[in-house]
Structure formats: C-alpha cells, structure tokens
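Working notes, structure below.
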Amino acid sequence: MARTRPRLGVFKFSSCDGCQLSLLDCELELLAVTEAVEIAYFLEATRKDMKGPFDITLVEGSVTTPHEAELIHKVRKSTGTLITIGACATSGGIQALKNFKDVKDFIDKVYAHPEYIETLATATPIADHVTVDFELRGCPINKHQLLEVINATLNGRKPVVPKHSECIECKSRGTVCVMVAKGEACLGPVTQAGCGGLCPASHRGCFGCFGPMETPNTAALSERLKALGSAPRDIHRLFQTFNANAPAFRQQAESLEDRV
Amino acid sequence: MGALPMDPMQPRPFRIEKVRKELADTFTLELVPEEGGEFRFAAGQFNMLYVMGVGEVPISISGDPGDGARLIHTTRAVGAVTAAMGNLKVGEALGVRGPYGNPWPVEAAYGSDLVIMAGGVGLAPLRPAIYQALANRERFGKLVILYGARSPSEILYPKELEKWRGRFDTEVQVTVDRAAEHWSGNVGVVTKLVKRASFDPLHTVAFVCGPEIMMRYGVQTLTGAGIDPSNIFVSMERNMKCGVGFCGHCQWGTNFVCKDGPVFPFDQIADIFSIREL
Amino acid sequence: MSATANRIIKVDALARVEGEGSLYVKVKGDEIKEVKFGIFEPPRFFEAFLVGRSYAEVPDITARICGICPIAYEMGAIQAMENAFGITVPQPIRALRRLIYCGEWIESHALHVYMLHAPDFLGLPDAIQLAKANRPLVEKALRLKKIGNDILEVIGGGRAIHPVNMRVGGFYRTPRKKEVQALIPDLEWAIEASLETIQVVGGFSFPALEQDYTFVALRHENEYAIHEGRLISNRGMNIGLEQFLDHFDEEHVKHSNALHGFMKEGKAPYKTGPLARYNLNYDKLSERARQAAKAVGLGAKVTNPFKSIVVRAVEILQVCEDALAICRSYQEPSEPYGAVPVKAGVGYGCTEAPRGICFHRYEIEADGSVKTARIMPPTAQNQKIIESDLWKVVAANLNLPDEDLKWRCEQAIRNYDPCISCATHFLKLTIERD
Amino acid sequence: MSAMPGEKAVIDRERLNDLISILNRQGYTVIGPTMGEGAILYDVVTGIGDLPAGWGDEEEGGRYRPVRRSDQALFGYSKPAQGLKGHLHPARQRLFAAERAGNGFRVLKDEGKAPRYAFLGARACELAAMRVQDKVFDNGAYRDPHYFAKRDDAFIALVTCAQAGGTCFCASMNSGPDATEGFDLKLAELGSTFLIEAGSERGAAILAQLSPRPATDADRQAGVAQIAKARQQSRSMVEGVGPMMAARLEHPHWDEVAKRCMTCGNCTMVCPTCFCTTVEDVTDLAGNNAERWRKWDSCFSVDYSYIHGGAVRSQGAARYRQWITHKLSHWVSQFGVSGCVGCGRCITWCPVGIDITAEAKALGG
Ligand SMILES: Cc1cc2nc3c(=O)[nH]c(=O)nc-3n(C[C@H](O)[C@H](O)[C@H](O)COP(=O)(O)OP(=O)(O)OC[C@H]3O[C@@H](n4cnc5c(N)ncnc54)[C@H](O)[C@@H]3O)c2cc1C
Ligand code: SF4
Ligand code: SF4
Ligand code: SF4
C-alpha cells in the first residue's frame with residue numbers, strides 16, 4: 001500500500017527546544033520516520049527550508065511576542081493537521097508564570113535595556129490563537145506518545161493518548177503510591193497520564209508536567225495535601241509551575257491565593 | 001501449553017464483495033469470509049468489525065438472517081474507525097468477530113401483530129427482523145413499519161421502504177423531522193405515527209431502535225397505546241471494546257449490553273431506562 | 001562581482017542549532033562594517049520568576065531553560081544550593097552525578113557531531129541526506145546518541161529531557177545495581193564507536209582559521225572536569241566559583257535577547273566549550289583519548305574553531321570511558337540523598353555543559369525561598385567570540401558567492417553548538433553587502 | 001508421613017526453601033511477597049531470603065506504611081500493595097498481531113508461552129478475588145484464553161492471615177481470613193513453623209516432600225486462634241448492601257462523594273476483582289503491521305463510557321456510583337458473587353481515603 005509521503009513541518013515558538021528534540025531522540029525510529037514523512041521544515045535538524053503547505057505540522061512553544069502572535073496564523077494557514085506539542089504549546093508552559101506577574105518588572109529584573117525587549121504580557125497556548133487539531137501534553141512530551149501521534153495521524157486512527165489520571169499509569173506499572181505510602185505531595189490524581197509515571201517511580205510526587213487530567217478535582221486534592229501537612233504556599237507553588245496557565249491549575253492556585 | 005484455544009478476541013478476515021453508498025455518511029458493506037463458509041446469525045445481533053491497525057467497533061448486522069452467504073453491515077461514519085471502514089474498497093479485508101448479543105425475538109412474535117419503529121440508522125439493525133418477518137409473513141397478524149429520519153435525504157434504504165410499502169400486507173409509514181420542498185410525506189417525530197398505525201395493542205410485539213431519546217419517547221407512546229412493556233423490545237448502545245463481556249465497558253446497571261442485550265424486553269430495564277448517566 | 005555593488009545576503013533562520021537566532025553582516029566593498037550574532041529567542045524571564053520559589057523547585061524549573069542540556073541547569077542549581085547550605089555529597093552520589101552528566105555529553109555531542117555539524121563538512125543539508133549516503137554511519141551515530149540518552153534515563157528517572165531524579169542533596173532514588181550494570185555492554189560498544197567517530201570527523205577538511213583565544217574552563221585535579229572544579233584560563237586566571245562575578249559580567253546589546261558575556265579585565269571576549277576544555281585540560285584526558293586525537297593530527301593545542309567537531313569526538317570517547325568506569329564500580333549508595341540544612345545564604349554552581357560553562361548564583365532566604373537568581377548560560381558567554389570568529393570568516397571568504405559565504409558563516413556558528421534556548425532562541429542570518 | 005488433602009501437618013519455616021525449589025523444578029515461577037520500594041509487593045521469589053521477614057504494615061484510609069515487627073515473621077503483614085491480578089490479568093496484554101497480506105491482512109499466531117505461576121503467600125481474599133475473576137473470564141458463552149493460560153495451571157500456596165490490616169473487612173464479606181477450597185496448599189505461620197495442609201493432589205504430593213510432621217492439638221488450636229484473631233476487623237460491610245444500593249441509584253449522597261472523589265481510578269487499579277480493560281491498536285509507521293493490546297481501564301475514566309457524541313457518565317458522581325454499585329450490588333446479579341472481597345485496598349490506596357464501607361453505610365442511611 002504505497003502512500004504519498006506527507007510533508008512535515010516543525011515550528012518553534014517560546015520554549016526550551018526539548019519537545020522538538022524528542023523527535024530526534026527517537027533514535028531507533030528516526031530513520032523510519034524520515035522515510036514515512038518528508039521533513040520539509042525542521043530548523044533544529046535541517047538547513048532545508050521548504051515552503052509550505054505542510055500536511056502535518058508540529059508546533060512547540062507558546063506565544064509570547066507580537067511576532068509569534070502573527071506567525072502562528074501563517075503556520076495555521078500553511079498546514080493540514082496542526083499538532084501542538086508540549087506544555088508551552090498546550091498551556092503556556094513555564095514562561096506563563098509571567099502571566100501572574102508584572103512583565104515590565106520582570107524585564108527590568110533581567111535586562112539592562114528593557115526598551116530592546118519586545119514581549120507580550122502573557123505566554124499563551126497555541127489553541128488560544130488558532131484551531132489546533134491535536135494537543136500533545138507534557139513538559140517535555142513523551143517521545144513514545146509523539147511517535148504514536150505521528151503514527152496514528154499517518155494511519156488515520158485515533159492516537160492512544162489517554163486523558164485520565166496519572167495514577168492509572170502509575171498503578172499499571174506497579175509503582176507504590178508516594179502520597180499514600182510516604183505522605184508526599186503528589187499531583188498525580190489531577191494530572192493527565194502520559195509521562196509513564198516517572199516521578200512516583202523515582203520516589204517523589206508528580207509535579208504536573210502533563211497538565212490537568214480530564215476531570216480534575218483539584219479542590220479535593222488541595223484539601224488532602226493540606227491534611228498531609230503542606231502549607232498553602234507550597235500547594236500554590238505546586239499548581240503554579242509547569243502548567244500554571246492551564247485553567248484547572250490556574251483556578252486552584254488562585255483559590256489558594258488569599259491563604260498564601 | 002500448546003496452542004491457545006479458540007480466542008474470542010481474535011478477528012477473522014472477511015473480504016469486501018460490494019460497497020454501497022447509502023447516504024452522505026452511511027455505507028453498506030457486503031462481506032464474505034476469506035476462509036469460506038457461511039455466516040449464520042439472528043436478527044438484531046451484531047459483530048465487532050476490525051479495520052486493521054485502526055480499531056474495532058460494534059456494528060449490527062443488517063442483512064437477511066435467511067442468507068448465510070453474505071454478511072451485510074450498514075454503518076454511519078462518525079469517527080476514526082467508521083470513517084476508515086468507509087474508505088475500504090472492494091477486495092480489501094475487514095476483521096469480524098461475532099455474531100454477538102441477544103436477537104430480536106422475531107419468532108416469539110409469531111401469532112401477534114408486529115410493530116417495528118426505527119429512527120435514523122436504527123433501521124439497519126431492524127432490517128434483518130423485517131426480512132425475517134416478511135419471509136414468514138403468514139405467521140404474523142399486522143406488520144407495521146414506522147420510520148423517522150431527520151430529513152428526506154437521510155432516509156435509509158428508501159427503495160426497500162418503497163418496496164415494502166408496495167406490499168398489500170405491510171404498513172409502512174415514514175416521517176422526517178425537517179422536510180424539504182419536494183417532500184409530500186409526514187413531517188414530525190416518529191412517535192406521531194403510532195396513532196395512525198393499525199395494530200391490536202393487546203396482541204402486539206414492538207421492536208424499537210434509534211437514538212436513546214427517540215426510544216424513550218417511542219416506548220412511552222407504545223405503552224400509552226396499550227402495548228404491554230414486556231412485549232416492547234429496544235436495542236441499546238453502550239461503549240464496547242470486546243463484545244463478549246470481558247471489558248466491562250457496556251455495563252448498564254446489572255446488564256452487559258453486549259451479552260444481555262443489545263436487545264432488551266422493555267419491562268426488564270424499565271426501572272433503569274431513564275436514570276441519568278447510569 | 002563589483003566591489004562597490006550592494007550585496008545583501010539574508011538567511012532568515014539559522015538551522016541545526018538549538019533555538020532561534022540571527023546573523024547580520026554588513027559589508028561595504030571589501031570592508032566589513034558590522035557583524036551581529038543576534039539571539040531573538042523570546043525572553044522567558046527565568047531569573048525573575050525563580051524569585052520566591054523554593055530552593056527545592058529550582059533544579060526542575062531551571063531544567064526548562066533548555067531541553068538540550070537540562071543536566072547543566074539541574075546540576076548547576078543543585079550545586080549552588082548545596083554550596084549555600086554547606087552540603088558536600090558523598091562519593092557514590094558524586095559518581096552518579098558525573099555518570100548522568102556523561103550521558104548528557106554523549107547524547108548532546110553525538111547529536112551535534114553527526115546530525116548538526118557533520119553535514120556542513122560534507123556539503124549536505126542534514127543528517128537525513130547523510131543517512132541516504134551512508135546509512136550505517138548514521139545508524140551508528142543514533143545508537144551512540146541513544147546510549148547517552150539511556151544513561152540519562154536510567155539515572156534521571158526515566159526520561160532524558162528534564163530528568164526528574166536529581167535533587168539538592170543527592171537523588172530522589174538511586175538506581176539499582178543491575179540497572180546501572182545493564183549499561184556496561186553498550187558503553188563498551190560506545191568506546192569503539194567513538195574511536196571510529198574521531199577517525200571519521202578527523203578526516204574532514206577544515207577551513208583555515210586560527211585564533212588567539214582566551215579559553216575559560218573548569219579544572220579538576222583528578223579528572224577531565226565536567227561537573228566540578230575551579231575556573232581557569234590560559235591567561236593565568238584560577239578562581240573559585242564565588243569569584244566568578246568579579247571576573248565576568250554580561251551586557252545587554254540591542255541585537256540580542258541574550259546578554260553578552262565578557263571578561264571584566266579589558267572587557268574582553270572569551271571562549272568556553274570543547275576547545276577551551278581541551279586546551280586547558282589536555283593533561284586530564286585519558287591516554288586513549290590523547291592517542292586517538294594524535295592519530296588524527298590533534299596535539300595539546302587546538303585553536304581552529306572548525307576543529308571543534310574533532311575535539312567533541314575526543315570528548316565523547318573520554319566520557320564513554322568515564323561512564324564505563326563508573327558503571328563498573330557502582331555500588332548502591334546507602335541513602336539516595338542526605339539532609340538539607342536550609343539556611344539563608346548565597347550559593348554558586350558551575351558545570352561544563354556540552355557547549356561550555358554554565359554559571360549559577362542564588363541568594364536564598366532563611367525559609368529556603370530564592371531571593372535572587374543569576375544564571376549565565378554558555379551560549380551567552382560565547383556570543384562575543386562567535387562574532388569575532390565570524391568577522392574573520394567573512395573577511396577571509398569575501399570572494400565566495402553569497403550562498404556559500406552564508407553557509408560558511410552558519411558552519412562557523414555551529415562550531416559552538418550554540419544553544420540559543422539557553423541563551424534566552426530564532427537565528428536570522430542576514431548578510432548585507434553594500 | 002503421607003499427606004492427604006485436608007490433613008493438617010507442621011513444617012519448619014526453612015522448608016519453604018524446599019517448597020520454592022520443588023516448584024521451580026516443576027517449572028513454576030514462584031511469586032511471593034517481597035519488601036519492594038516502599039511497600040510489600042508481589043514479585044519473583046527464589047528463597048525465603050526474598051520474603052519480607054519482620055515486616056508488617058500499617059493501613060488506614062489513604063495511608064500505608066511498612067513497619068518493622070518485633071519478630072521475624074515472613075507473612076506478618078496484612079496484604080501486599082497490589083494483589084495478584086497483575087499476574088493473571090496483566091495491565092498490558094497483547095491480544096493479537098496482524099500483518100498486511102495482499103489486499104487484506106493476516107492474523108498472526110501468538111507464539112508466546114504463558115508463564116506458569118505458583119503464588120506463595122496468596123491471601124484468602126486474593127484467592128476469593130481470583131475465583132471472582134474466573135467467573136468474569138469464563139462467563140458461560142466465552143472463555144478468555146489469555147487469562148486461563150496463566151490461571152488454569154497456577155499453583156496456589158495460600159497463607160492465612162495472623163492479623164487483619166487496618167482496612168480489611170473480609171470477614172464481613174465471607175472471603176477471609178480463612179479459605180476452605182481453591183488452593184493447593186494452605187499454610188498458617190506459627191512462629192518458626194507453619195501449619196500446613198494440602199487442598200489438591202499436586203499440593204499433597206509436594207507437601208509429602210517437605211518432611212511434614214503431624215500437627216498436634218496445640219498446633220491446630222493455635223491455628224484456630226490465629227484465624228479468630230484475624231477475624232477481629234475494625235471495618236465491616238453493611239448487611240444487605242446489594243439490594244440497598246440497587247434501590248438508591250438516585251440518591252443525593254452520590255453528589256456528596258463526588259466532592260471528595262478525584263476520579264483518579266486508584267481504587268479500580270488496586271482492586272483484585274476489577275477486570276475492566278480497554279484496547280489499543282498500534283501500527284508500524286507504514287501501517288503494514290498492527291497489534292491489538294488490552295490494557296487495564298477504569299470506570300472512572302471519561303472514555304470508558306464514551307459513545308459517539310459524548311460520555312454516558314460525564315459526572316464524577318455517576319462514575320463513583322458505577323464503581324461502588326458494580327462492586328457491591330450489580331456484580332451479584334451478573335456473576336452470582338460479590339465483586340468486593342473485602343481486602344480493603346481501595347480504602348488504603350485511595351489518595352483521599354474514601355472508604356467503601358463508610359460510603360455504603362452512608363448510602364444505607
Ligand atoms: C450493539 C451496537 C450496534 C451498533 N450498530 C451500529 C450499526 O449498525 N451501524 C452504525 O453505524 N453504528 C452502529 N453502532 C454504533 C457504532 O458502534 C459507533 O458509531 C462506532 O463505535 C463509532 O466508532 P468510531 O471510532 O468511528 O467513532 P468515535 O466517535 O471516534 O469513537 C471512538 C470509540 O468509542 C467507542 N464508541 C463510540 N461510539 C460508540 C457506540 N455508539 N457504541 C459503542 N462504542 C462506541 C468505540 O470504541 C470507538 O472506536 C452500534 C453500536 C452498538 C453498541
Ligand atoms: S472493592 Fe475495595 S475492598 Fe473490595 S475487593 Fe476491591 S479493593 Fe478490595
Ligand atoms: S468497578 Fe468499574 S472498573 Fe471495576 S469491574 Fe466494575 S465497572 Fe470495571
Ligand atoms: S474513590 Fe478514591 S481512589 Fe477511587 S477514584 Fe475516587 S479518589 Fe480516586
């Protein structure tokens with residue numbers, strides 16, 4: 001069954017590059033991927049700078065500058081299936097911490113010439129700007145999930161990327177719950193599965209790289225964390241890190257604010 | 001340990017003999033087993049159909065239970081698997097597991113009037129019952145087919161409906177929710193047709209299949225007309241991953257829709273039928 | 001081409017680097033007017049939003065500065081905190097830290113050498129084309145890279161990017177002996193593969209360019225410094241980390257969102273990274289690494305930046321050997337981490353990221369919150385020297401057609417394996433000739 | 001001494017080493033309790049040195065701690081964190097592979113050989129749970145070969161409980177702490193010896209090789225006393241819970257639990273009877289090879305009840321209701337037994353400590 005090779009574009013917005021690196025980190029599958037798709041634009045990997053349209057586009061990073069806010073519309077126009085990858089692209093990422101602060105103040109703190117810096121007041125997910133066909137979560141994404149999404153898109157099936165809690169993944173691999181067995185603060189019950197259950201397997205609580213799960217009861221978790229001895233400030237920090245701008249986490253952090 | 005015994009989770013490849021486009025999003029496949037032989041089933045049963053590498057979904061059998069030579073399915077493309085199924089061509093293969101589930105009790109209706117009420121693609125799972133009833137027409141009293149579609153262009157099997165209507169011994173009434181200009185038939189919900197249909201409620205068996213909301217009103221109207229709930233049968237839909245009671249997904253109260261249904265006598269489920277989110 | 005005609009060469013986005021930056025070159029006749037290596041990676045304000053966070057969160061947060069060298073950030077932050085709290089970790093933990101860093105080096109160097117840099121020397125746009133020409137080579141490269149990632153996964157808690165297992169005081173969970181020993185056969189293979197890599201890249205032809213650099217690198221008495229040491233230079237500097245800011249500073253220039261690092265003394269540019277390490281720590285390389293370098297014509301001094309690819313290959317060999325030794329002698333530590341006596345104070349951390357030194361300084365409050373944070377990533381420090389290299393490259397190649405000149409400039413930038421994400425990211429390459 | 005099924009004997013604890021080696025020689029992989037990372041877990045054991053000597057456990061709603069005992073008991077805990085479900089009904093199981101052939105495809109024969117397990121230290125509730133799952137995977141019409149490939153031949157060396165854990169309520173579910181059938185060997189740890197009896201012929205044959213000596217009255221009485229002690233449990237299931245729940249499908253309490261329940265699914269994952277699965281289709285990039293995998297699923301996930309257009313159980317309240325009514329009520333109608341064996345794992349491992357016995361009581365009121 002010969003298929004025509006779809007053209008793949010990889011675009012970067014504000015981010016750490018880790019999610020697109022995940023594609024190069026698929027060492028065993030990389031050559032097969034380059035056979036299955038034509039890598040038409042992927043700055044991290046090739047000088048080849050082919051113009052759109054692309055069949056599949058991976059977008060990493062969040063929108064933090066006026067330039068990016070424009071660019072994303074161009075990317076959307078030039079692509080068939082647009083897949084956003086990573087916490088930055090799907091919720092704003094770590095840099096969305098600036099959404100809760102005075103950005104000017106931030107610029108003053110870091111740069112000697114604030115007037116050189118062009119930035120928006122917020123870091124926002126791609127879906128706030130254009131229609132997104134599939135959002136792949138994670139900080140960073142899981143490379144196996146990335147391959148699965150590419151694979152499923154090529155084969156016309158629904159990617160196996162469940163939206164249920166991290167706990168299910170954790171228990172499926174047989175990890176002992178760190179919250180129950182050690183009293184550690186863990187975001188697993190309200191976080192979407194996908195990482196493979198790494199933190200609890202490393203004896204620490206989940207810190208929410210994959211963002212809120214499908215129906216996150218963050219209030220119930222907060223109560224429990226308090227009962228386990230976490231200070232409101234620590235709970236606030238926990239919700240306000242890698243997916244601070246994801247609505248469920250943002251709201252939970254806000255509801256803790258008067259007690260921080 | 002030697003070879004595993006026959007695995008109920010393993011599909012058998014069937015070859016597509018014919019593809020017919022029924023509606024904009026609905027198509028019928030005619031299949032024959034690659035290994036040869038016949039496919040026997042009872043009206044109302046379903047198969048798990050596997051599109052290689054894409055997924056597997058429950059689809060009712062919509063062909064004639066009297067004809068084991070061809071397996072017939074009518075499917076509406078709504079998502080990934082059904083869309084991929086719709087893209088298959090004659091000569092390609094589809095995996096089949098089945099037949100599963102409880103059938104329409106066509107034989108139990110012998111001697112009574114039979115009312116068949118269908119909405120949308122819900123006519124597909126009822127078509128085998130209609131074929132069987134027509135093949136045994138002399139064993140029934142009245143045979144009434146009430147069918148509702150959203151619009152005239154969404155009427156499934158229009159030619160057959162026309163043919164059945166042409167028979168002197170069968171009453172066929174069709175209605176649409178939204179009429180187009182050239183439509184001169186009934187407009188309104190399918191339950192409205194019950195009033196006009198002629199059957200003896202005390203000696204009637206009714207089969208109902210369609211969207212859950214339609215079935216809810218349908219059953220209400222039929223019991224209102226005097227049919228005993230134990231003589232009304234509905235076909236339910238729930239998420240299914242296995243079709244044989246292993247995966248748990250289709251649980252509905254005490255039932256597994258896959259093996260205790262999909263066809264249920266209404267009196268057995270009346271107490272849970274309208275509980276929200278059960 | 002007439003010497004006075006306007007020539008504008010423009011490359012909008014530099015490829016095969018991490019992050020996004022630009023180059024602007026202005027040439028009038030034979031005279032170069034301006035060379036600006038700009039970093040337009042949007043600023044992400046890490047130093048600002050670290051303020052008020054708990055010391056314990058800093059390693060995970062700073063990891064997100066860069067997906068390519070997260071260990072450099074995690075380890076630098078951890079060491080700074082340990083420095084502030086007066087913690088010294090026991091030997092087995094130290095060994096594990098070096099091991100995971102070796103993993104990052106193997107991964108990052110293998111990626112850069114084969115996938116990002118080698119295509120320049122072969123005139124190919126990318127490693128995909130290289131794979132078409134020499135698939136076994138690329139497969140080997142990928143396997144080597146994977147071995148680096150495997151180390152990162154085993155020690156780092158299951159993923160190579162933003163590993164979850166490192167913490168102030170040690171690790172959350174120390175790997176079991178059998179998990180570490182499972183790495184041994186691959187590392188044995190990797191040593192052979194890195195010897196072969198040195199041979200392959202040592203055989204490339206290198207554009208001529210010798211520079212009298214000021215090299216700055218970490219130096220450790222007993223080992224090829226990666227994750228610990230004093231800072232030294234080839235001009236006699238030898239300082240502890242706490243003196244870093246007395247000697248180095250950074251400035252904000254208009255064409256870049258990254259601050260440009262410089263040495264206070266004479267406001268001079270300096271060079272960090274493989275070449276600096278090699279020149280300053282040649283004596284700490286293993287005998288095998290030195291022999292392999294020699295076999296492809298590399299002595300104790302290397303000052304052609306284009307040869308950095310060979311030096312990286314030598315470093316791969318070095319860290320494969322180091323990693324293998326650590327794996328072979330690994331004993332499970334009795335405790336994964338020690339106590340963390342939180343107190344107010346200032347802490348410094350500096351490690352050798354694959355592309356150069358990465359410096360951290362934090363002021364911590366009594367409750368363990370961050371009061372101030374300062375991070376100087378390697379690429380920011382190298383920006384000035386990159387510009388200086390480019391200046392020379394352009395001058396020496398003015399006769400080249402625009403396309404070729406542009407490519408040569410890119411190659412010169414890639415000598416640094418610049419990690420622009422770190423430095424802040426979008427490389428626009430513009431060469432303007434008027 | 002020849003050991004007859006049902007006859008009680010005594011062996012020294014070191015004989016467990018022989019038991020393990022005999023089982024190994026017969027081709028069994030012996031699975032038993034071990035002190036894992038943070039909790040007692042079932043894993044492969046090759047000798048008594050692998051058993052969690054001197055370890056017990058403290059359990060409460062949402063809380064588990066391994067604790068040191070004052071003695072060196074090998075089975076001195078209440079139950080391992082996860083049961084034996086993962087061995088017979090693994091979290092991931094390949095159902096089949098297919099490859100493209102011409103216009104169609106071919107389903108490939110699975111050459112994989114099922115492991116032959118011996119479960120050393122299985123608890124009565126765990127055996128009860130296996131017998132519950134037996135009914136699920138052999139429902140009269142269909143029998144799941146993947147499950148039974150491991151189950152049919154599994155050797156069970158049950159060890160009865162010497163004390164109940166903080167969340168156990170098997171006594172009120174009639175599934176423990178003792179069992180009368182379904183095992184090959186049954187042991188009770190009495191200090192440095194074990195009271196042992198065979199429950200099958202293969203069990204008896206092995207027992208005969210363990211240098212058993214006849215049990216004295218005192219041994220027997222110690223065994224009885226131990227079971228009686230383990231029957232002292234702080235929790236119990238309300239009586240008549242099945243019909244009660246079936247009559248309260250619409251009750252304000254569901255919304256009340258939903259405020260606390262995070263729909264995280266931990267309870268279903270640790271429950272030794274929960275059997276629900278979903279499937280995953282995987283392909284190679286070219287789509288020429290495909291596999292279908294079965295994976296544990298949970299009625300707490302939204303996709304679980306998804307039908308085109310939306311999930312049937314969109315609300316947390318509906319999902320909690322599905323879970324508890326299935327366990328305690330609908331299961332009985334479906335399989336003739338309760339879906340809950342009272343092991344208490346769902347209580348211990350619920351991160352917020354939701355207690356099935358307390359919720360059942362609350363609903364009953
Ligand atoms: C007993 C039975 C008989 C059916 N008969 C027919 C028929 O004759 N013709 C027809 O067109 N449709 C029929 N359906 C509905 C059909 O199964 C769904 O439309 C189909 O599963 C949608 O799959 P999808 O992947 O294309 O869509 P998506 O919306 O992408 O669904 C994703 C997955 O959810 C599950 N799912 C979604 N909807 C349903 C559903 N309604 N029932 C069960 N699982 C679902 C499937 O596993 C599916 O793969 C029947 C359903 C049942 C339960
Ligand atoms: S429902 Fe809870 S107590 Fe009952 S068997 Fe399952 S986990 Fe154990
Ligand atoms: S309680 Fe839920 S997951 Fe468990 S068996 Fe019942 S339906 Fe399945
Ligand atoms: S009852 Fe507890 S374990 Fe179960 S889904 Fe709710 S919060 Fe999670």
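So you know, we letter chains A, B, ... as the sequences are listed, proteins then strands, and number each from 1.
- Counting non-hydrogen atoms of other residues, nucleotides and ligands closer than 6.0 Å to CZ of B:R150 gives a total of 12 or fewer.
- At a heavy-atom separation below 4.5 angstrom, chain D is approached by B:M52, B:G53, B:V54, B:G55, B:E56 within residues 51-59 of chain B.
- Aromatic ring centroids of B:F246 and D:F137 lie under 6.0 Å apart.
- In this structure, B:R276 places its CZ atom where only 12 or fewer heavy-atom neighbours from other residues, nucleotides or ligands lie under 6.0 Å away.
- The number of heavy atoms from other shown groups lying within 6.0 Å of CD (B:E35) is above 12.
- The SG atom of B:C258 lies 8.5 Å from the OH atom of D:Y142; values are rounded to the nearest 0.5 Å.
- For the pair D:H326 (side chain) and B:G248 (backbone), a donor-acceptor distance under 3.5 Å is absent.
- For a residue to count as touching a neighbouring chain, one of its non-hydrogen atoms must lie under 4.5 Å from one of that chain's; by this rule D:D152 does not touch chain B.
- Both the backbone and the side chain of D:T277 come within contact range of chain B, judged by heavy atoms closer than 4.5 Å.
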Checklist entry - After noting the C-alpha distance and the side-chain angles of D:D281 and B:Y50, does the key distance pass the side chain to side chain contact (heavy atoms under 4.5 Å, CB included) rule? => result CA-CA 10 Å; D:D281 290 281; B:Y50 170 68; 3.5 Å; yes
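- Taking B:D260, B:L94, B:T82 one by one and counting their heavy-atom pairs under 4.5 Å with chain D, the maximum is reached by B:L94.
- When only modelled atom types and interatomic distance are considered, D:H330 and B:N255 share no side-chain donor-acceptor pair under 3.5 Å.
- In this structure, the portions of D:S314 lying under 4.5 Å from any heavy atom of chain B include both its backbone and its side chain.
- With a 4.5 Å cut-off on non-hydrogen atoms, B:L278 touches chain D through its backbone and its side chain both.
- In this structure, the separation between CD on D:Q334 and CD on B:Q251 is 5.0 Å, given to the nearest 0.5 Å.
- Considering every non-hydrogen atom in both D:F105 and B:E34, the closest pair reads O-OE1, 4.3 Å.
- Looking at D:A141, neither its backbone nor its side chain comes within 4.5 Å of chain B, counting heavy atoms on both sides.
- Put simply, the side chain of D:R321 gets close to the backbone of B:E277: a donor and an acceptor are under 3.5 Å apart.
- Between the side chain of B:D7 and the main chain of D:D144, no donor-acceptor pair closer than 3.5 Å is present.
- If you measure heavy-atom distances from D:Q315 to chain B, the contacts under 4.5 Å come from both the backbone and the side chain.
- For the residue pair D:V107 and B:Q10, the shortest heavy atom distance occurs at CG1-CG, 3.5 Å.
- One distance of note links CD of D:E250 with OG of B:S274; it measures 7.0 Å at 0.5 Å rounding.
- Atoms CZ and CE, on D:F96 and B:M9 in that order, are 8.0 Å from each other to the nearest 0.5 Å.
- Across D:L249, D:N139, D:V279, the residue that shares the most heavy-atom pairs under 4.5 angstrom with chain B is D:N139.
- In this structure a side-chain-to-backbone donor-acceptor pair under 3.5 Å is missing from B:N239 to D:I307.
- Comparing B:T254, B:L88, B:I16 by how many heavy-atom pairs each has under 4.5 Å with chain D, the most go to B:T254.
- Looking at B:K259, only its side chain comes within 4.5 Å of chain D, counting heavy atoms on both sides.
- In this structure, no portion of D:E280 lies under 4.5 Å from any heavy atom of chain B.
- Residue D:T278 comes nearest to B:K241 through the heavy atom pair OG1-CE, 3.5 Å, listed as atom of the first residue, atom of the second, then distance.
- Within the 4.5 angstrom heavy-atom criterion, only side-chain atoms of D:R292, from C-beta onward, approach chain B.
- The residue among B:H249, B:E237, B:R15, B:K89 with the most heavy atom pairs within less than 4.5 Å of chain D is B:H249.
- Using a 4.5 Å cut-off between heavy atoms, D:S305 contacts chain B through its backbone alone, with no side-chain atom that close.
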